[in-house]
Every structure is written in C-alpha cells, then in structure tokens.
Amino acid sequence: MLKTTIIGASGYTGAELALMIFKHPHLSLAGLYVSENSLDKGKAISELYGSLKGIVDDVLQPLSDVTQVAKESDVVLLATAHEVSHDLAATFLENDCVVFDLSGAFRVQQEGFYSEYYGFEHKHEAWLDKAVYGLAEWNAEAITQAQLIAVPGCYPTASQLALKPLVEFDLLDKNQWPVINATSGVTGAGRKANLVSSFCEVSLQPYGVFTHRHQPEIAAHLGCDVIFTPHLGNFKRGILATITTKLAKGVTEKEIQHAFEKSYGQAAAVRLLGNEMPKIQSVEKTPFCDIGWKVQGEHLIVVSAIDNLLKGASSQAMQCINIRFGFPMLTSLI
C-alpha cells in the first residue's frame with residue numbers, strides 16, 4: 001500500500017481525490033491537510049462533503065511540519081494554489097515522495113512564463129526541468145519514470161485531447177490557428193466564496209479574452225498556436241470545448257477518423273463519438289473525455305466534453321498515479 005497524502009484537501013478536487021484513494025486497492029490515505037490558517041482545519045472532510053460521511057471521515061489537519069508529513073508519505077497530491085505548490089513541492093521531492101501537482105506551478109518550461117502569467121518568479125527551475133506533463137493518454141512512457149508529474153489544467157486537457165491527433169498526423173493548415181471556445185461550470189473557479197463565480201450571479205460570458213494563462217499552456221504542449229477563449233456557464237461541473245480548424249489541403253474524413261482511432265483506439269478514458277456531438281451530461285461524474293467531429297469542405301469542427309473536476313483534475317491525477325505505479329488505468333475511477 002502506498003501512503004498517499006492530499007495537500008489542499010478541503011477543495012472540490014481534494015474531496016474527489018479522497019474518495020478515489022479510499023476506493024483504490026493499492027493506496028492508503030495517510031493524511032488530509034489544509035493551510036494552518038484555514039477555517040476548515042480540525043473538521044472531518046465529511047462535514048464539508050456529506051456524500052463522504054461514513055466513507056472518508058478523516059480530519060483535515062493543518063500543515064505545520066512539511067518535512068514530517070513528507071517522511072510519512074510515499075505519494076503526495078498537491079491540490080493547492082499555484083504559488084503554494086511551487087513553495088511546497090521541493091520539500092516533498094527531496095524526501096523521495098512522488099508528487100502529483102494539480103496546480104500550474106510546474107506545467108510549462110518556458111522562460112518568463114510564470115512571471116507573466118502567474119505573477120511569481122519560479123525558484124525551482126531544476127525541478128521544473130524534470131517535471132513531466134501529465135496528459136495521461138500522450139505522456140504515459142515519461143510518467144512511468146517521473147518523480148514530479150504536473151497534471152494539466154481542465155481547459156488544456158479538453159482542448160489538447162481534441163486537437164493532438166490532428167496535429168500529430170499533420171492534418172491541419174498551419175497558417176490558420178485552431179479557434180477554441182470552451183465553457184466551464186462554476187466549480188472550475190474553486191470552492192472559495194467569490195461574487196463573480198457565485199452561482200446566482202453567473203451569466204454565460206467569456207473571460208480572460210486573449211490573456212488567459214491556459215492559452216500558452218495549450219500552445220506549448222500542443223506544438224501549435226491557438227486562439228483560446230474560456231467561458232463561465234451557470235452550471236456546476238463539466239467543460240465543453242468547441243474547436244474550429246482548417247484542414248491541410250487534400251485531407252479527407254477518412255484520414256481524420258484514422259488519426260483519432262489510431263490515437264485513442266486503446267485509450268481507456270477517451271470515447272470517440274464520430275459525428276455525434278458530445279455533451280456534458282454524458283461525462284459528468286465520470287473520468288471520460290468524449291470527442292466528436294464533423295467535416296465540411298476544408299473545415300473541421302471537433303468537440304470535446306469532460307468533467308472539469310475529474311478528467312480535468314482529480315481523475316487525471318489518479319490515471320497518472322496508476323500509470324506511474326503500474327496499476328490498471330482506471331483503477332478506482334469506475
């Protein structure tokens with residue numbers, strides 16, 4: 001049994017991870033931690049999430065001695081803010097923990113990226129260089145060898161899973177950037193109270209136009225520039241990404257289907273729908289990414305749907321754990 005610790009356990013993602021660890025035959029929950037000034041410290045996690053009552057009733061503990069927690073852990077999941085993950089990860093890594101970071105702190109190896117998009121200077125460039133991007137369907141081989149896995153963001157997961165087969169098989173006209181319009185439920189904004197993301201205040205609208213930090217993350221790992229516009233929708237969970245692309249000259253529908261089937265024919269957590277369009281209802285509370293597409297002339301529209309808290313965060317982290325330690329891909333997920 002791998003002793004598994006969650007830091008930032010009081011958030012939506014932390015609660016999902018706690019249940020997955022409970023269900024996993026090879027993981028044991030070593031501790032649930034929150035910041036020392038958290039109002040949730042000392043409470044059972046099941047007080048915050050009633051669905052966990054009688055299943056996971058562990059108490060949320062304040063993270064006061066990081067080194068001691070590291071010594072008591074084999075696996076650490078950082079479900080924390082970007083700056084917090086940045087500051088904590090090195091201590092866990094230096095104590096031989098395998099770290100799965102669900103923040104953006106180690107996702108992009110690009111000079112000036114963190115000061116521009118995250119507002120802090122990265123001080124752990126050696127670990128940043130060693131970090132493996134945890135897009136499970138595409139980086140499995142590297143994940144098996146990694147000590148630090150940077151789990152992708154929810155928008156980048158939905159976007160890249162839809163586009164990567166097209167880029168890898170060189171099916172797109174490189175002179176026209178793919179245009180990604182993606183809408184997320186309000187859980188994507190986290191559990192902390194905020195008027196902007198309060199359910200009763202949310203009206204469907206775009207945000208972060210031309211400035212969202214996920215655009216360079218998508219472009220960096222896709223190897224292709226994109227136009228990315230996120231939207232906030234008045235529903236709880238899920239992401240739907242509708243992506244418009246221009247095909248390279250002479251590309252056929254058969255080639256597109258072949259690219260998707262070759263990429264995901266054996267992928268446990270990706271479901272190909274062909275010309276059927278995905279919907280959030282079908283992936284909500286599942287670890288799957290559903291992908292559908294349609295061609296008209298030289299243009300292709302590809303649509304992907306995921307649960308932002310699962311395939312966009314916690315279940316993808318669990319996929320990475322399963323890959324890293326040689327467990328079946330969907331262990332504890334279905």
Side-chain angles (χ1 to χ4, degrees), residues 6-9 11-14 16-17 35 76-93 98-136 138-139 142-143 146-161 180 182 184 187-192 194 197 207-223 225-226 228-230 232 239 241 306-321:
I6 304 172
I7 313 296
Y12 296 131
T13 299
E16 297 283 0
L17 288 168
S35 67
V76 173
L77 288 147
L78 296 176
T80 44
H82 315 292
E83 309 94 296
V84 176
S85 289
H86 169 271
D87 293 342
L88 292 178
T91 301
F92 290 112
L93 292 162
V98 181
V99 174
F100 297 82
D101 178 23
L102 285 84
S103 84
F106 292 91
R107 288 180 190 153
V108 179
Q109 296 151 341
Q110 193 177 92
E111 189 174 350
F113 174 81
Y114 284 94
S115 57
E116 181 175 355
Y117 289 99
Y118 284 86
F120 65 86
E121 293 291 334
H122 212 291
K123 297 177 181 176
H124 300 289
E125 291 189 4
W127 284 114
L128 180 60
D129 289 341
K130 293 177 184 177
V132 168
Y133 193 62
L135 192 62
W138 289 90
N139 293 337
I143 290 168
Q147 189 185 353
L148 172 58
I149 294 89
V151 181
C154 49
Y155 283 125
T157 295
S159 301
Q160 289 180 81
L161 288 178
I180 304 165
S184 174
T187 52
R191 184 169 169 265
K192 189 174 181 180
N194 187 321
S197 58
Y207 64 98
V209 176
F210 286 125
T211 61
H212 199 281
R213 61 182 58 150
H214 282 329
Q215 185 278 332
E217 180 183 335
I218 295 167
H221 292 285
L222 193 61
D225 281 315
V226 298
F228 169 69
T229 307
L232 186 63
I239 283 179
I306 64 170
D307 186 309
N308 59 302
L309 297 178
L310 296 179
K311 185 58 175 165
S314 55
S315 74
Q316 179 145 251
M318 188 56 67
Q319 274 187 264
C320 290
I321 289 175

What residues, two or more places apart in sequence or in another chain, satisfy ring pair (Phe, Tyr, Trp, His ring centres under 6.0 Å) together with Y207?
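Listed in chain order: H212.
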For Q215, what residues pass the side-chain hydrogen bond (donor to acceptor under 3.5 Å, both in side chains) criterion, not counting sequence neighbours?
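Scan of Q215 (side-chain hydrogen bond (donor to acceptor under 3.5 Å, both in side chains), adjacent residues dropped) gives none.
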Sequence-distant partners of S315, side-chain hydrogen bond (donor to acceptor under 3.5 Å, both in side chains), two or more places apart
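side-chain hydrogen bond (donor to acceptor under 3.5 Å, both in side chains) check on S315 returns nothing, list empty.
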What pairs with [X] under side-chain contact (heavy atoms from CB on, under 4.5 Å), at least two apart in sequence or on another chain?
X	answer
I143	V132, N139, I149, C320, I323, R324
T91	V66, T67, N95
Q110	V108, F113, A220
D87	none

Residues in salt bridge (Lys or Arg N to Asp or Glu O under 4.0 Å) contact with D101, at least two apart in sequence or another chain
none
Could you tell me which non-hydrogen atom of [X] sits nearest to which non-hydrogen atom of [Y], and how far apart they are?
X	Y	result
Q316	P152	NE2-CD, 3.5 Å
A131	Q109	O-NE2, 3.3 Å
I180	S159	CG2-OG, 3.5 Å
S184	Y155	CB-OH, 3.1 Å
V98	A146	CG1-O, 4.0 Å

Would you be so kind as to tabulate the donor-acceptor pairs closer than 3.5 Å made by side chains of residues 76-83, with sequence neighbours excluded?
unit_1 : atom_1 : unit_2 : atom_2 : d
T80    : OG1    : S85    : OG     : 2.6
H82    : ND1    : G104   : N      : 2.9
H82    : NE2    : R213   : NH1    : 3.0

Roughly how far apart are [X] [atom1] and [Y] [atom2], rounded to 0.5 Å?
X	Y	atom1	atom2	result
L17	L310	CG	CG	9.5 Å
L88	S35	CG	OG	10.5 Å
I306	I239	CD1	CD1	4.5 Å
W138	L222	CH2	CG	9.5 Å
C154	H214	SG	NE2	5.0 Å
L128	Y114	CG	OH	5.5 Å

Within residues 118-134 or reaching into it, pairs that qualify as side-chain hydrogen bond (donor to acceptor under 3.5 Å, both in side chains) - sequence neighbours excluded:
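Matches after skipping sequence neighbours: Y133-Q160, Y133-E217.
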Tell me, do L161 and K311 make a side-chain contact under 4.5 Å, heavy atoms counted?
yes
Polar side-chain atom of S314 near backbone of L309 as donor-acceptor pair, under 3.5 Å
yes
Ignoring hydrogens and geometry, is there a side-chain-to-backbone donor-acceptor pair from R107 to L102 under 3.5 Å?
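A pair under 3.5 Å: yes.
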